[in-house]
Amino acid sequence: MDSSPTSAAAAASAPMAASAPPLDDCLRLLRGERDEQKLAGLLVAANVCRAGDGDAVRKVYDAVGPRFLRRLLNTGLGKVEGGKEEEREAYLRLALTVLAGLARAPEVAADEGVLSTVPLVAEVVSKSADPAITEECFELLSLIAIASEDGAYKFCEPGVIDMIYLQISSLPDGSKCIELAINLMQLLVHKLKVDNMSEEKLQGMTSMVTCLARLFAVLHTAVKFDALHMLTALLSQKESPLHDLLRSMPASIWESHIRVGITAILQNRVVSSEKLHALLLAECMMSILGEDWLSEDCKIQDTQNMLPVDKFVLLVLESARIEVAVLLNELAYLKYESSNTFQTDEAVSQKQRNLAILFSLIERIIKMISNASSSEGAPSQTIRESTIMQAITGLNETISLVLDFLQDAKDHGQRKGDDLLAAARIVGSYLAEAPYACKEKTRNLLEFIFSIEGQDESRPFYSICFMLPMLSQITMEADGCRTLASFGGYKAVIDCLVKMTEQDGIDNGSMFLACDTIINFMSNRKSVHIPVDSCFIRLLKSLVTWAGSSNASSVTMTASCLCAMLIDLTSEEFLLSCSDFDAKTLGSLSELIVRSLQQDVPDDDGEQFNQKQIIVSGYRRWADRFPHVKNVVDKHVSM
C-alpha cells in the first residue's frame, strides 16, 4: 500500500465538495488506478454501506472488487512489507468496516470474493486484542455464514475454526464480543450438515467439536451451557461421517474435556434441563465411542477437575436414576390424574422424549457394567468390584420403578404408547443380564408387557422382542416355562418369530433368541401341557422359509432342531390336511432335515452338537409318521 487512510481522506475532500452525487464520486474513486484513490473511495463507501441501499452496496462492491479488500486485510495483518504499525491497524479497521457494510447485502455476502476473506478475518480474530475489531470480525463472519450455504461451509476450511474458537475462552464474560461469538458458533452448528462433506471439511467439524469440548471443560460462565447445547446438537445426530472421523482419532484430550464438563454440570446445582443435556451428551459419547467410554481411565493435564473413573460412573448413573424417578412420577400424574388435557399432551410429549434419552443412557450403562463384570481381573478392567455391585443395586431399584410405572399403566388400561414401549425395552435390556431380578414383579407383568404396542404398531411385536434375551434364559428351567405357558405367552413368541421371517432383512440375532425360547419350552413340555395349535403350523412354515434364505450352518441347525421338535407333536397326514400347509412346504421341510443331518458339526460347538442330537433322536421317534420325509432322508443320509 502506498498511501494511508488519513492522506486518502484528504484526497477525497475535493470530490466530495463537488456537485456530483456522493455515490458517483465514491464509485469513481474506487475505480481509480492508484491505491490512494481506492482508499479515499473506501472511506466514502463506509458511509454508503451504512445507509443500507442494497443496489448502492452492490455497485460499491463491484467497483472496489474483492482483490483490493483482501490486499488491505493482508496489509493490516502485516503480511505485506512496509507501512507503520498504526497505519496497518487503520487499514485493518477500514477493510473490516467496509466488508461488514458490504456483507449486509446478502447477495454480496454470498459472493465468492467475500467468502474468500473468511480465513483472513478468522486470523484477525485470533491475533487482535482490540474488542472493537473483534466485534466487527464476528459481525462480518455471521453475515457471511447467514447469507449462503457456501458461506457456512467456508468455515470448515483448515485452521479457520481453530482460529475463531480458541480465542473465545479469553473473551470477557458478558461482553458484546462473547455474545457475537456464541451467536456465530450456534449459527454454524445448526447450519452445517455433515452428510455430504468432503474429508477436508469434516476435519473442520472435528476441530469444532474439540474446541467446543475445551470451552465446555474450562469455562465456568454461561458459555459452558452454550457449549454443552452445541455439542449435543452436533453429536446427537444419527450415525454420520463425523462420528466415523471422531472414532478414528487417536485417544484425544477432547474426550477428557467432555468428562470434565459433564462432571461439573452434574455435581453442581443447575436446573434439571441442563443436567438432562449433560446426560444426553454422555449417551452420545457412549454411542459414538462405545459403552466403555464411561469407564475408561482418561488423563488430562490442564485441569484438576478430573473425577476418578469409579466416581464418574456412579455420578452419571445416579444422576440418570434421579431424573428417571422424577420423570416417571410426573408422567404418571400427567397421564392419569391431571385434568388440563391440552397442556398435558404437550408436557407428556416432552417428558417422554426426555425419558427416552435417559433410558438409552441407562441401557448403555447396563452393557458397560456387563462388559466390566465379564472382564474382571483383565488388564483393561478399570472399575472396582464394589462399584459394579453399587451400580447393580441402583439399577435394580430403577428397574423396579419402571415396573411400577408399567403396573400403573396396566391398572389404568393403557397399553399403547412409545413411553410404555421404551419402558419394556429397558426392562428387557436389564433382565437380559439379570434374568431373575425383580422376579415377582416381572412375572406378574409379563403378560401385560407382551400386550404393549408402540404408537405406530398395529399389534404387539417389539415389546416381545425386547423380552427374548430374558425368556431364552428363564425357559431353561421348568418354572420359567410354566410362567410362559400360564398366559399362552409361547404363542406370542411364535407370532413374533413368524413376523420376523416376513420382514425384509431378517434379524438373525432375535430369531435365534426366539428359537431358543421355544426349543427350551418344547424341551420342558412334560412340565407343561402344550396343545397342538395352528400357531405351530405357521411356525413350521416360517422356519423352513428362514432356513431357505441362509446358508449359515447355525441357521440350518437351529431351524431344523425346532422343526424336529414340532413335528413330534403331529403327523404328516395331519399337516397335509391343514389348508396352509401343502406338499411343497413338506418337501422343503424334508430337505431342511436332510441338510441338518448331513451337517458336519465342529468339535468345539457344543450347541450345534446338542441340536443335532435332538434332530437325530426326534427323527427316530416320528419317522414312521412322516413317510415322505423318511423317503427323502433315506435317499441321502444313512441313519
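Heavy-atom basis, side chains included; hydrogens, waters and symmetry copies ignored.
- In this structure Glu136 satisfies the salt bridge (charged side-chain N to carboxylate O under 4.0 Å, His left out) test with no other residue, sequence neighbours excluded.
- Listed for the Ser170 side chain is a donor-acceptor partner under 3.5 Å among the backbone atoms of Gln167.
- In this view, Arg425 and Glu363, Ser429, Phe466 satisfy the side-chain contact (heavy atoms from CB on, under 4.5 Å) rule, not counting sequence neighbours.
- Under the 30°/60° scheme for interplanar angles, the aromatic rings of Trp293 and Phe312 are found to stand perpendicular.
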Audit row: Ile161, Cys156, side-chain contact (heavy atoms from CB on, under 4.5 Å) steps and yes/no
CA-CA 7 Å; Ile161 292 291; Cys156 293; 5.6 Å; no
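- Between the side chains of Arg88 and Thr75, no donor-acceptor pair is found at a separation under 3.5 Å.
- Although no hydrogens or angles enter the test, the distance criterion places no donor-acceptor pair under 3.5 Å between the side chain of Arg259 and the main chain of Glu255.
- Looking only at atom types and distance, the side chain of His243 has no donor-acceptor partner in the side chain of Gln237 under 3.5 Å away.
- Between the Ser128 side chain and the Val125 main chain, no donor and acceptor come within less than 3.5 Å of each other.
- Ion pairing between a basic and an acidic side chain is recognised when a charged N comes within 4.0 Å of a carboxylate O; Lys351 and Glu346 show no such pairing.
- Looking at residues two or more places apart in sequence or on another chain, you find a side-chain contact (heavy atoms from CB on, under 4.5 Å) between Glu89 and Arg93, Asp130, Ile133.
- Under a cutoff of 6.0 Å and an axis angle of 45°, Lys224 and Phe216 form a cation-pi pair.
- Side-chain N or O atoms of Asn329 include none that pairs as donor or acceptor with a backbone N or O of Ala325 at under 3.5 Å.
- Side-chain atoms of Thr232 come within 3.5 Å of backbone atoms of Leu228 as a donor-acceptor pair (strictly under, hydrogens ignored).
- Between Asp292 and Lys367, none of the side-chain N atoms (NZ, or NE/NH1/NH2) sits under 4.0 Å from a carboxylate O, so this pair counts as no salt bridge.
- Side chain of Ser510 to backbone of Asp507: no donor-acceptor contact under 3.5 angstrom is found.
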